[in-house]
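Structure record follows, encoded as structure tokens.
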Amino acid sequence: MKHYLLAAAMLTMSLASCGTKETKDTEEREIPETKTLVLYYSLTGTTESVAQELQKALNADMESIEMETPYTGSYEEVVKQVGKEREAGELPKLLPLNADLAQYDTIFLGYPIWYGTYARPISALVAENDFQDKTVVTFCTFGSGGLEAAIQDLRKALPKAQVAETGFGIRNARVSSTAGELNRFLVENGYIEGSVEALPDYSEMRPVTEEEKQIFDAACGNYQFPLGTPVLAGKRGTPDGVDYIYQADNNGTPSTIYVTVGNAPDAKPEFTRVVR
Ligand SMILES: Cc1cc2nc3c(=O)[nH]c(=O)nc-3n(C[C@H](O)[C@H](O)[C@H](O)COP(=O)(O)O)c2cc1C
């Protein structure tokens, strides 16, 4: 379907040497409708569940990226295999896409974070497609983080595309919160219409209090990898609870970690992501 916009009467003023000439005209301008594809890779279904939410919210076409020989085995086995492939510089072979990318202006590209960046099947995809002139919006899932690094890597890998600086990312452990957070992301970035309450800025960073340290430990203490010791903290109130931003020291390496605590009296602190 095509949209037509009756452009407001255009006032053209042209200055002539002897005075001012004024012309008015009205035109019908065609605004081409953008076509959107949700394209994703998911090994264990987490990114797929975000892709499905996106597809619903955008009413877009959707396709999953499939490999000729899918990874199999336990989590540890896949981690090992991917590690070997990375060292050897090998890319997995993908099955051809059903979608004709030429038909789309905007691609929402989704992936799990592997080794701190987008998963290897995406490396194979971007080696074969330059996404020239397309808008690429990223979404990802991860154990702890990698949202920022993956976007930076993708911007380098796809210099002919417009890769949006802001992408959507959610921890695998929090994927049940996707719908609300995704809606905020889509509205705030102008991908869908709607309204969301603007969130306040975080307070200034200052030395962490004992209570904030306990919240950090409750959110991060059980994570499979150590996330460091909190040094500084800032916070903000939201309609859903309180968000914290921590500056932590991880064996001499500073890191930024976001934590949220819901309004419910029994709400457990959850870390939402490590900035990487
Ligand atoms: C090979 C491999 C490497 C991973 N590396 C990271 C990582 O560097 N950082 C991270 O936060 N999570 C990492 N993860 C966790 C995944 O990003 C996370 O479980 C994701 O939600 C899985 O998505 P999927 O179910 O769509 O495959 C890794 C998982 C695998 C299998």
Side-chain angles (χ1 to χ4, degrees), residues 37-56 62-95 97 107-126 137-154 157 167-179 181-182 185 216 219-228 246 248 250-251 253-260 270-276:
L37 175 69
V38 175
L39 182 63
Y40 69 95
Y41 170 75
S42 179
L43 177 64
T44 49
T46 319
T47 311
E48 181 167 60
S49 66
V50 179
Q52 286 164 346
E53 289 289 344
L54 255 178
Q55 193 272 333
K56 269 192 282 170
M62 180 165 83
E63 180 163 352
S64 74
I65 296 163
E66 302 290 341
M67 298 166 61
E68 271 186 15
T69 315
Y71 293 104
T72 52
S74 67
Y75 178 84
E76 287 73 21
E77 284 164 344
V78 175
V79 169
K80 227 168 150 183
Q81 188 186 342
V82 171
K84 276 192 199 153
E85 286 173 4
R86 279 168 53 90
E87 274 169 33
E90 281 168 20
L91 288 179
K93 291 208 168 51
L94 306 181
L95 292 180
L97 293 176
I107 315 275
F108 277 74
L109 185 60
Y111 41 80
I113 297 294
W114 285 3
Y115 285 83
T117 188
Y118 47 79
R120 299 297 283 167
I122 302 296
S123 307
L125 178 82
V126 300
V137 184
T138 59
F139 63 100
C140 63
T141 67
F142 42 78
S144 55
L147 169 70
E148 298 81 5
I151 293 174
Q152 292 319 314
D153 290 345
L154 205 58
F168 178 78
I170 192 157
R171 284 188 61 213
N172 49 9
R174 301 187 63 256
V175 83
S176 60
S177 307
T178 296
E181 294 188 18
L182 190 60
F185 169 79
F216 180 92
C220 307
N222 289 336
Y223 190 62
Q224 54 180 328
F225 303 111
L227 295 175
Y246 290 95
N250 202 351
N251 278 329
T253 307
S255 67
T256 302
I257 298 169
Y258 288 92
V259 168
T260 192
E270 301 174 62
F271 86 88
T272 55
R273 86 193 151 90
V274 178
V275 177
R276 292 207 174 98

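Order of listing sets the numbers, starting from 1, for every ligand and every atom in it.
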Protein residue, atom and distance nearest to [atom], heavy-atom basis:
atom	answer
atom 21 (O) of ligand 1	Thr141 OG1, 2.7 Å
atom 19 (O) of ligand 1	Asn172 ND2, 2.9 Å
atom 2 (C) of ligand 1	Trp114 CD1, 3.4 Å
atom 24 (P) of ligand 1	Thr44 OG1, 3.3 Å

Which ligand 1 atoms, with their elements, are less than 4.0 angstrom from a heavy-atom of [X]?
X	result
Thr47	23 (O), 24 (P), 26 (O)
Tyr115	3 (C), 4 (C), 5 (N), 6 (C), 7 (C), 8 (O)
Leu43	24 (P), 26 (O), 27 (O)
Gly145	9 (N), 10 (C), 11 (O)

Close side-chain approach of Phe271 and Tyr258, heavy atoms under 4.5 Å: no

Close side-chain approach of Thr138 to Leu154, heavy-atom, < 4.5 Å: yes

State whether a side-chain donor-acceptor pair under 3.5 Å links [X] with [Y].
X	Y	result
Ser255	Asn250	no
Tyr40	Glu48	yes
Thr272	Glu270	no

Electrostatic pair Arg174-Glu181, nearest N-O below 4.0 angstrom: yes

Counting only heavy atoms, tell me which of [options] gets closest to [atom].
atom	options	value
atom 4 (C) of ligand 1	Val79, Val82, Thr46, Ile113	Ile113
atom 7 (C) of ligand 1	Ala150, Gly143, Gly146, Gly116	Gly116
atom 22 (C) of ligand 1	Ser74, Pro112, Ala149, Ser144	Pro112

Any N or O of Ser42 closer than 3.5 Å to N or O of ligand 1: yes

Identified ring-ring contact (aromatic ring centres under 6.0 Å, His included) partner of Tyr41 from the options Trp114, Phe139, Tyr118, Tyr111: Trp114

